[in-house]
Each structure stands twice: as C-alpha cells, then as structure tokens.
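For reference, the structure is listed below as structure tokens.
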Amino acid sequence: MGFDKLFELQKRLNERIVREHHLEERFLFEERILALLVELGELANETRCFKYWSLKPPSKREIILEEYVDGLHFILSVGLDLGIDSYNGSVHYSNERLVQQFLSIYEIIQKLRLSKETAHFEQLFSEYLGLGKLLGFSSEEIVDAYYRKNEINHIRQDEGY
C-alpha cells in the first residue's frame, strides 16, 4: 500500500504549522525526532506491554490506534524533512514481542537521527508498520485513523492549540 496521500496531507499540516508559528527559518528535524520518541513512549504506555508488575489491561483499542497514528504523523514529518515524500516498501517486524519491537524502533530512530539516511527512514517506516501489525491494525484502519487525526490536528490549529 502506498502512503503518498498521507505524505501530502502531512506536508500541508507541517507547512501550515510552520507558517502560522513563524518557524520558516527553523529546521525542525531534531524536534520532530524527539516528538516521535515521546509519541512512541506514549503508545508503549497505552499498550502496557512492558508493565510486568501490573495486572491492569491495555487501553482500549481505539486509544492505542490514536496513539499509533500520532507517531505516524511524526514519522511522515521526519521523512519530509529528509526530502522523502513516498513509501511503497514492506511491512516488517523484527520481533514477535511488543517490547522488543518498541526497543528496535527506538534504536532505528536514533540511527536515523544521526545518519539522516533514506535507508534508515525506510527501515523505520517498515518496522513501525510492523508494530501496527503486531498491535492488530490493518493498513486500512491505520490510514482511516490517520485521516481522522489529521483533521483533528487542523481543527486544533484553528483553535490556537
């Protein structure tokens, strides 16, 4: 499944935010990397996959999906920062367990941060889609949730978020 439309929508949102917040002179790559790391942590927190000390179940599926697409927004933004505006690669996960998959994605983000190489971005995108698959989300669910959240993000900008 191609993600060109998502890149296009993310580009519009990014351009709007940059324009309305007067950030034209800033390269926001580092901020977006940190935001992605934070969103990935929020997603892990909602899955509770690492909370071996707790019997509380994961959050509702809809909440986990929303957190997942929050991360996707920043992955798309990072790609755009690197001049990447499409992804037609594979869905891959290196690990069968969520904890290891989250940790692998953290490692790939750090590699991408340091290298800014397309190959690391493609690996990140593939592994993040794989995480979505491990979480039980279809590509269609992810894309639909992205559209909904992108619309919410525009509304938030309208309201001075």
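FYI, side chains are in, hydrogens and waters are out, and symmetry mates aren't considered; it's all heavy atoms of this structure.
Residues F121 and Y87 keep their aromatic ring centres 6.0 Å or farther apart.
Remark: K11 engages no residue in a side chain to side chain donor-acceptor pair (under 3.5 Å) (not counting sequence neighbours). I155 is linked by a side-chain contact (heavy atoms from CB on, under 4.5 Å) to E151, E159, counting only residues two or more places apart in sequence or in another chain. Under the rule for a side-chain contact (heavy atoms from CB on, under 4.5 Å), the partners of N14 that lie at least two apart in sequence or sit in another chain are Q10, R32, S77, L80. Remark: S59 pairs with E46 by the side chain to side chain donor-acceptor pair (under 3.5 Å) rule, at least two apart or across chains. Considering only residues two or more places apart in sequence or on other chains, R16 meets the salt bridge (Lys or Arg N to Asp or Glu O under 4.0 Å) condition with E20, D158.
The hydrophobic cluster containing L103, built from Ile/Leu/Val/Met/Phe/Trp/Tyr side-chain heavy atoms closer than 4.5 Å, also comprises F50, Y52, W53, V99.
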Assess whether salt bridge (charged side-chain N to carboxylate O under 4.0 Å, His left out) is satisfied between R148 and E66, documenting all intermediate values. CA-CA 9 Å; R148 285 191 305 273; E66 184 173 343; over 6 Å; no
Can I109 and I75 be said to form a side chain to side chain contact (heavy atoms under 4.5 Å, CB included), step by step? CA-CA 9 Å; I109 292 168; I75 289 173; over 6 Å; no
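Considering all non-hydrogen atoms of both residues, S90 and S126 come closest at O-OG, 3.1 Å.
A donor-acceptor contact closer than 3.5 angstrom is absent between the side chains of N95 and Q100. Side-chain atoms of Q157 and H21 include a donor-acceptor pair closer than 3.5 Å.
One finds the CD atom of E107 at 9.5 Å from the CD atom of Q123 (value rounded to the nearest 0.5 Å).
Ion pairing between R19 and E15 fails under the 4.0 Å rule for side-chain N and carboxylate O.
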